[in-house]
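Have a look at the structure below, then the notes.
Numbers restart at 1 for each chain; the letters A, B, ... are given by sequence-line order, proteins then strands.
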Amino acid sequence: MQFTAHDISLLLNGTVEGDPSATVSQLAKIEEAGAGSLSFLANPKYEQFLYTTNASIVIVNNDQQLTEPVKATLIRVENAYSAFTVLLDKYNTFRLDKKGIEQPSFIHPTAQVGAGVYIGAFAYIGQNASIGDNCKIYPNVNVGDNATLGNNVTLFAGATVYFDCVIGNNVIVHSGAVIGSDGFGFAPNPDGTYTKIAQIGNVILEDDVEVGSNTTIDRATMGSTTVRKGAKIDNLIQIAHNVEIGAHTVIAAQSGISGSTKIGERVVIGGQVGFAGHLNIANGSQFSAQTGINGSITEEGKAWGGSPYMPYKDYLRAHAKLRKLPELDRKVYELEKLIEELRKGKVSE
Amino acid sequence: MQFTAHDISLLLNGTVEGDPSATVSQLAKIEEAGAGSLSFLANPKYEQFLYTTNASIVIVNNDQQLTEPVKATLIRVENAYSAFTVLLDKYNTFRLDKKGIEQPSFIHPTAQVGAGVYIGAFAYIGQNASIGDNCKIYPNVNVGDNATLGNNVTLFAGATVYFDCVIGNNVIVHSGAVIGSDGFGFAPNPDGTYTKIAQIGNVILEDDVEVGSNTTIDRATMGSTTVRKGAKIDNLIQIAHNVEIGAHTVIAAQSGISGSTKIGERVVIGGQVGFAGHLNIANGSQFSAQTGINGSITEEGKAWGGSPYMPYKDYLRAHAKLRKLPELDRKVYELEKLIEELRKGKVSE
Amino acid sequence: MQFTAHDISLLLNGTVEGDPSATVSQLAKIEEAGAGSLSFLANPKYEQFLYTTNASIVIVNNDQQLTEPVKATLIRVENAYSAFTVLLDKYNTFRLDKKGIEQPSFIHPTAQVGAGVYIGAFAYIGQNASIGDNCKIYPNVNVGDNATLGNNVTLFAGATVYFDCVIGNNVIVHSGAVIGSDGFGFAPNPDGTYTKIAQIGNVILEDDVEVGSNTTIDRATMGSTTVRKGAKIDNLIQIAHNVEIGAHTVIAAQSGISGSTKIGERVVIGGQVGFAGHLNIANGSQFSAQTGINGSITEEGKAWGGSPYMPYKDYLRAHAKLRKLPELDRKVYELEKLIEELRKGKVSE
């Protein structure tokens, strides 16, 4: 599939500078691009590559100044970075445009399947499950009994949605993610053994949620574990039973949220962060990587770090001093000696 | 499926207060319950909901006092919470009562399959594998060659049991969990490369073990990695080769146990905890979330925290002071100045 | 399958001491071995077991002295441990020597499949995918469109390789690992929502790489996320988009590497370690478990610990003092009082 600079300029509403018939068949970074590649320049610190790149076409900002000759055809647009992400997206949409039902797959006779779907081989659609229009269900995916998917949902190979779970529109779930496994609920018995508490709730993923590969989201004991609209959940994350993740919250890989904790909207959580259970976390909170949070946070929009957590600035200051703690310890020891001398001096006076 | 208050009172050995023909078809929390729901009240701090709930039936303790009129039919029992968990369990058992073998599935001709099993589509049962009675093998599950499962084992969709592994009775393994992958064993070579050490042992899960979704339990180099009776292992946990987890030990999500470490019985391990290899951890030890343990623990029943680990109380005290370390540092600086002045004063005297 | 001491001595170029017709059918640790087992003694601290073991054959070092009578037949070799690992490997190669294509499996008509392969039931090989000679593709594995595998690659049950990814020779990927899921890339919008940035790159695993179970390696935004020759990646590890892992680097379970970070060669990374994004980590660096690295490291071969990271020795010293911080705090408080007294004393003079 080839495109000319002219085609692309029409798509992006840009202006061509150079050969409008220059053709490209792939996208690449400006520093790595070869002939036939389309690239972009947005960050001024990469400007030097504009003059050395082998890319056939480069998208630049309208106000990009040229200080040397450029081999590539340029397309000038309002915002080069955002124009390029539009192309990335179109490229991907084109490449991933699978349709049809591969065999063998398993679609229970009572399941409902929308129009324009892709269902890969060895995918399993359970009893009374419902799949919306234009969904892409890759091979070896499991959709449990009574689970419902909105429109335009993508479940990549090997993702699992347990029975009764509800997935909104435009949701993406990556391979190996598990939606709706049992919450970790056990009642301790007097003899030191545990009795399992049946987990009869479900998981709800609202519209535009993305869930990374091998992330696990447990079903509620009763009611729902809920991920609100537009939240983005990276890989290998644990979301326990009855948790609620607020709209447009972003969680980086390997973080964990314990049971019944409620994370607010537009919260930003770094990697390997852990939250204890039954907490309330205010909207707009930010957590640096490896933070451990064992209390609720009521003030919105603050940054936190450390385990246990503290305000991010305190964390930076305290840990800078932590490394010098042996030195501080030595100073105190010397002060003790000096004071002892001073006191002896006094006494001996 | 509908039940009357009368039916339920017989099941729970309780007494009806109100309309014995009140019917319910689902279970819900008292604060969220609608008409047709059954709920319970055990925690006195939720008592207000008893007077406002829309639940049709509420299970309460025998000694529950009423201070306002109640719309719902009540069923009085010895212990409302425990009676309700009995109902949760019955509800779930009924809902998950799958039987039969879906097609296409793969059962090797040499495999043995017990009575009353469910085997989902795209499940794979290897050569000489053995599946006990009443097992539930969900779709896309893998049971490797020579693996054996006891009776009443549930492997949820996409779980994997490698060859030779042994699973006891009543074990539950959630989706994506991997039982028996190779231990991480490599011999370093003088040139900086590594040679893989074949891992020929297996994994044994004893009776009543539960393993969470996407947890990984590696096979032993030789011998067995063992999870003892009744241990409960949450999601995304790493259990390395030759580890032993004691009976009725509970491990929360994202914790990791390094090779050959032996965790005692009735140990309680929080989330994101890490153990180094070749340790012995005493029975009844407790670890708070994110603890890092790099030494053996011989005293039973103690609580630990911090990374590296220390007694939990020390951890709390030390970390309370850590945040104030910059302040302490400043104090010492000021003391140094004061002493310098005092000493100069002395000298100048 | 049975072997005599004579057979094994020929294989290992060793000398038999005792009955050359002693036969074994399995491998076991010297302290656990029963009749019919072959074991080894390399570590002098286990010597006592040589005199009590029930193993039928024990491999020992040429220079092993005997201080008591030995029941087992001995095979003397240059290096008992390394000779035994050779046997472990042969044993495993024999056991895992699967060949042939099980049905039902899905191999796209345009896919290329080499000679001598095993393809398990419910495995999926996508459009234009390419599988080299002697590959073992276990059941329920996914190989996406245009993905290419070299020779002698093993993908265990339920592993997933997304479209376009490239896997070298002799690579092993364990169950549930996900190679090539989307990088976590979202552009924030002024209204607090996020727009997904299409991830059009791929993942390259070079020759001799091993990837543990349920590990996730994300595809690059553009270009490649690369794991260089001989690197060994344990279970439940997160490798983000555009990361590069150097040759013969070893990473223990549950560690995470954020986007665009470049880890050098022969780096050793403990469990639950986290790296921030866009870092450069020097060759031969070593990180103890739970380290948090938020800056680049330019000096080669150094050891690090702590979160945030510091030189390992500083980390040990600082944390030893951390536990005693409350004591230090008290000392400073007492010094303040003493100095106050001294100053008052001076003033009152």
A:I197 and B:Y81, any side-chain heavy atoms less than 4.5 Å apart:
yes

Segment of B:I237 engaging chain A (4.5 angstrom heavy-atom cut-off):
neither

Chain B contact via A:A123 - side chain, backbone, both or neither, heavy atoms under 4.5 Å
backbone

Side-chain heavy-atom pair B:H174, A:D218 within 4.5 angstrom cut-off:
no

Under 3.5 Å, is there a donor-acceptor pair between the side chain of B:N214 and the main chain of A:G176?
yes

Between chain A and each of B:D89, B:V250, B:I172, count heavy-atom pairs under 4.5 Å; write down the option with the most.
B:V250

Chain B contact via A:F186 - which portion, at a heavy-atom distance below 4.5 Å:
side chain

Which heavy-atom pair separates A:F106 from B:A121 by the least distance, and what is that distance?
CD1-CB, 3.7 Å

Can you say whether B:A28 sits under 4.5 Å from chain A via the side chain, the backbone, both, or neither, judging by heavy atoms?
backbone

Beyond-backbone contact of B:K29 with A:N242, side-chain heavy atoms, under 4.5 angstrom:
yes

B:F84 side, atom CZ; A:M222 side, atom CE - distance, nearest 0.5 Å
4.0 Å

Is any side-chain heavy atom of B:L325 closer than 4.5 Å to a side-chain heavy atom of A:L328?
yes

Taking B:H248, B:E265, B:Q103, B:E32 one by one, which has the highest count of heavy-atom pairs under 4.5 Å against chain A?
B:H248

Within 6.0 angstrom of A:Y118 OH, more than 12 heavy atoms from elsewhere
yes

Return the option, out of A:A240, A:P104, A:A177, A:S258, with the maximum number of heavy-atom pairs under 4.5 Å with chain B.
A:P104

Using non-hydrogen atoms only, which part of B:V268 is less than 4.5 Å away from chain A: side chain, backbone, both, or neither?
side chain

The interface call for A:N189 against chain B, heavy-atom contacts under 4.5 Å, is neither

In terms of heavy-atom contacts, does NZ of B:K99 have more than 12 from other residues, nucleotides or ligands at under 6.0 Å?
yes

With only heavy atoms counted, which part of A:D145 is less than 4.5 Å from chain B, the side chain, the backbone, both or neither?
side chain

Heavy-atom cut-off 4.5 Å, strictly under: side chain, backbone, both or neither for A:Y315 against chain B?
neither

Honestly, the part of B:P326 sitting under 4.5 Å from a heavy atom of chain A is both

Which heavy-atom pair separates B:Q254 from A:G256 by the least distance, and what is that distance?
OE1-CA, 3.3 Å

Cut-off 4.5 Å, heavy atoms of chain B, and the answer for A:V273 is backbone

Pick one: which of A:V332, A:L335, A:I339 meets side chain to side chain contact (heavy atoms under 4.5 Å, CB included) with B:L335?
A:L335

Side chains of B:F156 and A:N142: closer than 4.5 Å at any heavy-atom pair?
no

Distance (rounded to the nearest 0.5 Å) between A:I200 CD1 and B:Q26 CD:
8.5 Å

If we ignore angles and hydrogens, is there a donor and acceptor under 3.5 Å between the side chains of B:E102 and A:Y124?
yes

Residue pairs passing the salt bridge (charged side-chain N to carboxylate O under 4.0 Å, His left out) test where at least one lies in residues 318-336 of chain A, sequence neighbours excluded:
A:K321-B:D329, A:R323-C:D314, A:D329-C:K321

Atom group of B:L316 that falls short of 4.5 Å from chain A, counting heavy atoms
neither

Chain A: which of B:D234, B:T85, B:L88 shares the most heavy-atom pairs with it under 4.5 Å?
B:D234

B:L322 and A:H319, any side-chain heavy atoms less than 4.5 Å apart:
yes

Would you mind telling me which of A:T221, A:L236, A:D182 has the largest number of heavy-atom pairs within less than 4.5 Å of chain B?
A:D182

Under the rule for side-chain hydrogen bond (donor to acceptor under 3.5 Å, both in side chains), what residues qualify as partners of A:S307, not counting sequence neighbours?
B:Q290

Value for CG (B:N170) from NZ (A:K196), rounded to nearest 0.5 Å, stands at 12.5 Å

So what's closer than 4.5 Å to chain B heavy atoms on A:S175: side chain, backbone, both or neither?
neither

For chain B, the option from A:G274, A:P188, A:G158, A:A320 that forms the most heavy-atom pairs under 4.5 Å:
A:G274

Measure B:Y138 against the heavy atoms of chain A and call it side chain, backbone, both or neither at under 4.5 Å.
neither

Is there a donor-acceptor contact under 3.5 Å from the side chain of B:E210 to the main chain of A:F184?
no

In Å and rounded to the nearest 0.5 Å, what is the CG to OG1 distance from B:N235 to A:T215?
10.5 Å

Heavy-atom contact with chain B under 4.5 Å, split by part of A:L338:
side chain

Chain A contact via B:L87 - side chain, backbone, both or neither, heavy atoms under 4.5 Å
neither

For A:S213, is it the side chain, the backbone, both or neither that has a heavy atom under 4.5 Å from a heavy atom of chain B?
neither

